[in-house]
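The structure appears right after this line, and notes come after that.
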Number of protein chains: 2
Amino acid sequence: MAIKLFIVDDHYMVIEGIHSLLQNEKNIELCGHATNTASCMAFLQQKQPDIILMDINLGEESGIALCKKVKDQYPSVFVVGLSTFNQQSFIRKMLDNGASGYVLKNATHEELMEAVTTVIKGKEFLSNEAASRLRANETQEIILTRREKEVLELIANGLTNSEIAKALFVSNTTVDTHRGNLLAKLQAKNTAELVKIALLKKLIDLNG
Amino acid sequence: MAIKLFIVDDHYMVIEGIHSLLQNEKNIELCGHATNTASCMAFLQQKQPDIILMDINLGEESGIALCKKVKDQYPSVFVVGLSTFNQQSFIRKMLDNGASGYVLKNATHEELMEAVTTVIKGKEFLSNEAASRLRANETQEIILTRREKEVLELIANGLTNSEIAKALFVSNTTVDTHRGNLLAKLQAKNTAELVKIALLKKLIDLNG
DNA sequence: CCAAAAATCATGGAAAAAGGGGAGTCTTTT
DNA sequence: AAAAGACTCCCCTTTTTCCATGATTTTTGG
């Protein structure tokens, strides 16, 4: 029997995209879609799919909240988060609210199928980078050198590379190197995320 | 009678600089200097100055800790923090530890004199920007608009302007405007400080 | 309704960060 | 002694941020 799939996304483009990606899959039956919380819940009263692909951003509404609502009322329905971006916090919230997986909207046909087939088995599926990031985040202990800690703290205090260089009596490029190493170690995309992760991991503290 | 001034800084350049700035001041007597915690405390056992100009960074040692130590043992000695940068957290710590003032190392002769004459009167002196920042920081409640909060959260999640623009379905320049407004409202120099202040003020939360 | 606030978009330039490489000196550890 | 790690420095390019200035539309509140 085909897996019944339901899509919740406030953009028809996305719904259409998933349709065309999956239309030739015999094992999958697209049993409907919704563009908002209300119509999703309404549909579920009539019929329950096996899996719901659910956008995290539903315009003014939140897919994260909807996920919770759905899982509360229909715990046997698997929810897979959908989002354009690889945002750890959102991924985590979806999972915390009972989602079984997370795929990026630029997922390939193969990846989407893998997500569906994995999740339907009751296992968790996390899209490519999302997975590694989240796992790394949970398991790896981050060890910084003395210098890195110093630089990190000054970065968080709003100092630029050249200001840090003056403060630590080293060259600009040295600070830049440390900064790069910090980004790599904390797996941050940029300074903003670096600071947030550093605080999250208590590598620096707010009143430091 | 001249004001007796003592300098603690781990860089002779700085000590020399202050000397030359103040050598023609009849009202000020430079009664000594130290480059570390131990020699500072040793000096104080022999003789107490009226004011200590104290670097916040003493190499491996902390001026902030020294400040506390000095004020504990010699509460009548005024301590003025010295630092290259305008770091709110450090300024606050110095003040919390009993310092009467804070001047930047690029202070002019006039500013330095003003600091000394203000502090000797038992009043608090905060160098230029330091003052306004700190005060603003303590009193003003920061009110963000709905959009600003959204942008702020995405910034903290490591998204760039163009990514945020895509996520919120607005143009790049709009996001840039919001970003600028956020920097102004939170009085942050850059993204790093923005994120830190936002977390400090609980405008966003670490697991948000 | 009207005024104020918020949200939107733009142009253009300077500064800073991000990302890639490579490389030498030290110290500590094996 | 060799390896490993830390710290230092430099070049280059692209992307992003930061800043100033100005303007229009929408929303909101009295």
Side-chain angles (χ1 to χ4, degrees), chain A residues 57 59-60 84-87 129 133 140-198 203-204, chain B residues 57 59-60 84-87 129 133 140-198 203-204:
Chain A
N57 276 76
E60 298 299 298
T84 313
F85 296 103
N86 204 353
Q87 296 172 225
E129 317 97 310
R133 280 216 172 195
Q140 278 178 20
E141 188 195 358
I142 296 169
I143 295 168
L144 300 182
T145 67
R146 183 192 104 253
R147 221 37 167 173
E148 284 165 354
K149 281 180 207 157
E150 290 171 357
V151 171
L152 177 57
E153 179 155 353
L154 295 178
I155 287 173
N157 282 343
L159 277 68
T160 65
N161 281 347
S162 63
E163 288 171 336
I164 295 170
K166 282 175 202 154
L168 300 181
F169 302 99
V170 296
S171 89
N172 220 301
T173 61
T174 298
V175 178
D176 203 44
T177 301
H178 288 310
R179 187 183 211 112
N181 292 337
L182 284 166
L183 288 174
K185 281 193 181 181
L186 305 214
Q187 294 182 80
K189 265 183 60 179
N190 53 33
T191 303
E193 203 180 8
L194 178 70
V195 171
K196 194 184 157 191
I197 294 174
L203 297 171
I204 52 177
Chain B
N57 275 74
E60 298 300 298
T84 313
F85 296 104
N86 205 353
Q87 296 172 224
E129 316 97 311
R133 281 214 173 196
Q140 279 178 19
E141 188 194 358
I142 296 169
I143 295 168
L144 299 182
T145 68
R146 183 192 105 250
R147 221 39 168 173
E148 283 165 355
K149 281 180 207 157
E150 290 171 357
V151 171
L152 177 57
E153 180 155 352
L154 295 178
I155 287 173
N157 283 342
L159 277 67
T160 65
N161 281 347
S162 61
E163 287 171 335
I164 295 170
K166 281 174 204 155
L168 300 181
F169 302 98
V170 296
S171 88
N172 218 302
T173 61
T174 298
V175 178
D176 199 43
T177 302
H178 287 310
R179 186 181 213 116
N181 292 337
L182 284 166
L183 288 173
K185 281 193 181 181
L186 304 215
Q187 295 184 78
K189 263 184 62 180
N190 53 33
T191 302
E193 202 179 8
L194 178 69
V195 171
K196 194 183 154 191
I197 294 174
L203 296 170
I204 53 179

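By convention in this document, chain letters (A, B, ...) are assigned in the order of the sequence lines, proteins followed by strands, and residues within each chain are numbered from 1.
- Closest to the side chain of A:Val170, out of D:dT17, D:dT8, C:dA10, is D:dT8.
- Between B:Ile155 atom CD1 and D:dT17 atom C1' there is a gap of 10 Å when expressed in whole angstrom units.
- The side chain of A:His178 places no N or O atom within less than 4.0 Å of a non-bridging phosphate oxygen (OP1 or OP2) of D:dA6.
- Note on A:Asn172: nothing from the nucleic acid sits closer than 4.0 angstrom, heavy atoms only.
- Between A:Asp176 atom CG and C:dA18 atom C1' the separation is 8 Å, expressed in whole Å.
- End-to-end axis angle of the helix from C:dC1-D:dG30 to C:dT30-D:dA1, using five pairs per end and rounding to 10°, comes to 70°.
- One can place CD of B:Glu193 at 17 Å from P of D:dT17, the figure rounded to the nearest angstrom.
- Which of C:dT8, D:dT16, D:dC9 sits closest to the side chain of B:Thr160 comes down to D:dT16.
- Among the nucleotides C:dT8, D:dC9, D:dC18, the one closest to any side-chain atom of B:Thr177 is C:dT8.
- Side chain of A:Thr191, nearest nucleotide from D:dA6, C:dT8, C:dA17: C:dA17.
- For A:Leu186 and C:dA18, the CG to P distance is 12 Å, given to the nearest whole Å.
- The nucleotide whose nearest atom lies closest to any side-chain atom of B:Thr173 is, among C:dT11, C:dA17, D:dT8, C:dT11.
- Using a 4.0 Å cut-off between charged nitrogen and carboxylate oxygen, B:Glu153 and B:Lys149 do not count as a salt-bridge pair.
- Which of C:dT8, D:dC7, D:dT8 sits closest to the side chain of A:Thr145 comes down to D:dC7.
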